[in-house]
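Taking it in order: structure first as structure tokens, then the write-up.
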Amino acid sequence: MAASPPSPSFDNQTNQSSSSDDEEANARLESDIRERNEFTKRLRKRDDEQTKKKFKSEPVSRDPHRSKLSVEELRKKSRRVYLAARKDKKIHELEEELIDEEYLFKDVKLTKREEENIKFKRYALDLAHEHEKAQQMENIDRYHMPDGKSDETSKNDRYREDNRYSDAKANGQAGQNFEQRKWEDEVIHTALPHFGSLDKEAKSNQPKYDYILDEEIQFVQQLTIPGVNELLQYKEKSKINEHEDENKRKHRSLQESRKTLPIYRFREDLMNAIRDHQVLIIEGETGSGKTTQLTQYLYEEGYCEPDTENVEEEEEEEEEEEDYDDDDNIKLPNGKKKKEKKMMMIGCTQPRRVAAMSVAARVAEEMNVKLGREVGYAIRFEDCSSERTIIKYMTDGMLLREFLSEPDLASYSVLIVDEAHERTLHTDILFGLVKDIARFRPKLKLLISSATLDAEKFSQFFDDAPIFRIPGRRFPVDIYYTKAPEADYIDAAVVTVLQIHVTQPLGDVLVFLTGQEEIETANEMLLERTRRLGTKIKELIILPIYSTLPSDMQIRIFEPAPLGARKVILATNIAETSLTIDGIHYVIDPGFCKQKTYNARNGMEALTITPISKASANQRAGRAGRVAPGKCFRLYTSWAYQHELDDNSIPEIQRTNLGNVVLLLKSLGINDLVNFDYMDPPPMETLRLAFEQLYALGALNHKVELTKLGRRMAEFPLDPMLSKTILASETYKCSAEILTIVSMLSVNNSIFFRPKDKTLLADTARQGFFTPGGDHLTLLNVYNQWKDTNYSTQWCYENFIQFRSMNRARQVRDQLEALMERVEIEIQSNPADTIGIRKAICSGFFYHTAKFSKNGMYKTVRHQQSVLIHPNSCLFDQIPRYVIYFELVLTTKEYMRQVIEIENEWLRETAPHFYKTKKLDDDNKVKKMPKVLGKIKAELERNYS
DNA sequence: GAGCACTGC
């Protein structure tokens, strides 16, 4: 990994070629950066304007310069190798120049400028000599980062800082953000005079610092998130009993470690609060132990005991086979046994599958029972629970589905909605549902567990339920902000990584970027710059992580860095909540993430880079304090944090298609979705579109009631249009093919693998699968070929197909196939009948029809939106008159993704209620929606005004 | 000729 430093000799052959390589790479980088600058400029426009307002004395903000600057600097950098090689030569020249000048101008009156020039030259020469000396001495700490405490160096730094103020004043060009800087330094006593170096103007006079780092960013420490560390406070030394067997010893130590968790101290108070209140908001910080302990405490308090009224009824049936004692794990901790299925359950929801699984496993271990028995979990594709399960962890969506079979959730005595602050779509819907059932089930306990900031809001929603606060366990994290906004946050992040690497003690760095592309760019930049620095710096191991990265690459981030080296992890949002990496001491947070937006007016989705929320920023910062005190460097100003970031992210319910949720709620008998108890209501347009689509699909009738068809559609965990397609496949006797297509469509566009260095091969492979008729049939073709190889991994690899996605499609298909029994549809295969297959798709997606129009684009029939066929589609270079698309996405243009060609008449055949019937070759006109929908619209408008 | 944050059923 450590590249050798550039050869000092410029004449050297290899060096020349490598420098031309460098130039090429730089040119690429340059154009990349130019584009990015344009982009980020737009994003930061608001930031700029605010900054301008704030610093009125400074008419031009730094940002517009910066973007230009980085290009200029890149040019400089491309010559850096060359310059480095000339260092010795230059020093020598400088020496001679000085001697000459002193000799020549000995008796001449020099201008002030000339004098300064000579003075500067001597200063530079002195520095260079000093630097060389320092380099010869080993273990000298040249790059010191002041820590703000009053040691010798800090004083010096402070002095230098003050000089900078007066310099700026003297020059009459009140330095960038001068007032602000001074103010901040005065107000914040812990201010960091400079992180690495001084500012831009000062930097040019500081060749000593410039030598290692090309550019540096200034940070100011604003505050420290205090740590809460109760580690070991309750730890008791375990006495090892030699007669204890391994299992018992392990169990004992587990029990002891349970007592060290912060929540343990609050057990009694907590249980009292739960006893006294039906609904309790638990504000528990990460590491408090609430997720694993709460369920166990509740169990130990007897919340699983059968409902007494029920037990009397069921007493006669109390007979069950006892295959219970044939295991090592015989008894539950306090000797209670679960006797029959009338024991009540404690349910705990998690937003993520892995969390549900791993927490359940941990609790099973702590309770010394087998996972899947008393303690179990339920996630899609995998139900690891049984009749005797009393503590059940599950994903939020899973509990939502349970409402379908048990609308009052009678088998639960306690429901815990964990990680409620994440506000997933399913959690939000659950809020309304559980609040409702709590009203007529007074014995049901409801615990809403959330991180900070939100608790008050949850309390309000649940009729002012009391809030119980449990501290967490974490280390303090120092927060640093930049002094001025950074225009190019990738460049800024890269520079900060190097600053940390050069000035800070060892400890891994986590950088949050928005996507794969940014991660790859940052990776290349870091590689290039560390290569250039060569052995002057310690080894830096750069590791990318994002969800579509192959698993073997993902695992690498968990390997500890070798001795003396530092890991830098370039991550997407995946590292914010979904996975935890130990050993992170430094977090770099540029303050952006990608967010999906849904436009209900035309049904178009887009993925846009948006500023994160304060809650997100704090979550990210917290990642630095898991194992030791950490530092978080935010690449935005403290002012921006205070004034420009929202407190919380927009909840999912407000930015997603609600078709499936509306259908689910309808089938739960909730008729009035407009007045449903939302914590934050979805946009009116989204609800209206959902109603309209469900009506068009025949899932709702003219009275907006669920139809028989709608009830069958609700069985599938899919978008209503996909469910309808499946149900329609019965008519065309091609359910097997449709199941495959639907499964392939529901794994998000990640079937084809396209590595950067093999784009041509990958594209050829993809085109090889193209099937006449459209992309759906292409997907079917891919799946069937894969199936013919007996689901081979090798085949995927050879054909540039993502194995992980295929496997997922297979799982989805298996689940859907199982559900076919419930809706009583036979699995029939008719692969040759591509018309039948397309007609079935038409029955579900007639709503997504687009017609080629005169202006060379397509127009969607419903919203008259101009769209294009996506360049990845097999129909890209064809112009079918009518097409049906799976989805609309806004990227560089408005595109239809996954497209099939259809015939005009199919629309009237499959959706006669939707399309007006006229003469055969006449254009199909969309029928007017019935009055009921108009009424809904009116009601919606009333409610949302 | 484009470009896929992350989940979940």
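Every heavy atom of this structure was used, including side-chain atoms; hydrogens, water molecules and symmetry mates were not. Note that this is a predicted model, so its numbers are computed, not measured. Numbered from 1 within each chain, the chains take letters A, B, ... in sequence-line order.
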Task: Between CG on residue A:N618 and CD1 on residue A:I612, distance to nearest 0.5 Å - done: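 Between atom CG of A:N618 and atom CD1 of A:I612 there are 8.5 Å.
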Kindly say if [X] contacts the phosphate of [N], meaning a side-chain N or O under 4.0 Å from OP1 or OP2.
X      : N     : result
A:T577 : B:dC6 : no
A:K893 : B:dA2 : yes
A:R380 : B:dT7 : no
A:T424 : B:dG8 : no
A:T572 : B:dC6 : yes

Looking at the side chain of [X], which of [options] is the nearest nucleotide?
X      : options             : result
A:S578 : B:dC6, B:dG1, B:dC9 : B:dC6
A:S547 : B:dC6, B:dA5, B:dG1 : B:dC6
A:H870 : B:dA2, B:dC4, B:dC9 : B:dA2
A:M398 : B:dC9, B:dA2, B:dT7 : B:dC9

Could you check whether [X] gets within reach of a base, just the sugar-phosphate, or nothing at all, counting any heavy atom under 4.0 Å?
X      : value
A:I574 : sugar-phosphate
A:N660 : base
A:E576 : nothing
A:I379 : sugar-phosphate
A:Y895 : sugar-phosphate
A:R754 : base
A:Y546 : sugar-phosphate
A:T514 : sugar-phosphate
A:N872 : base

Task: Lys/Arg N to Asp/Glu carboxylate O, A:D680 vs A:R423, below 4.0 Å - done: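 Salt bridge flag = yes for A:R423 with A:D680.
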Task: Salt-bridge present (A:D763, A:R754; N to O < 4.0 Å) - done: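 Yes.
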Task: Partner set under side-chain contact (heavy atoms from CB on, under 4.5 Å) for A:T580, not counting sequence neighbours - done: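 side-chain contact (heavy atoms from CB on, under 4.5 Å) list for A:T580, sorted by chain: A:R623, A:R626.
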Task: Counterpart residues, side-chain contact (heavy atoms from CB on, under 4.5 Å), relative to A:T860 (two or more places apart) - done: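 Result, side-chain contact (heavy atoms from CB on, under 4.5 Å) vs A:T860: A:H863, A:Q865, A:V867, A:Y885, A:L888.
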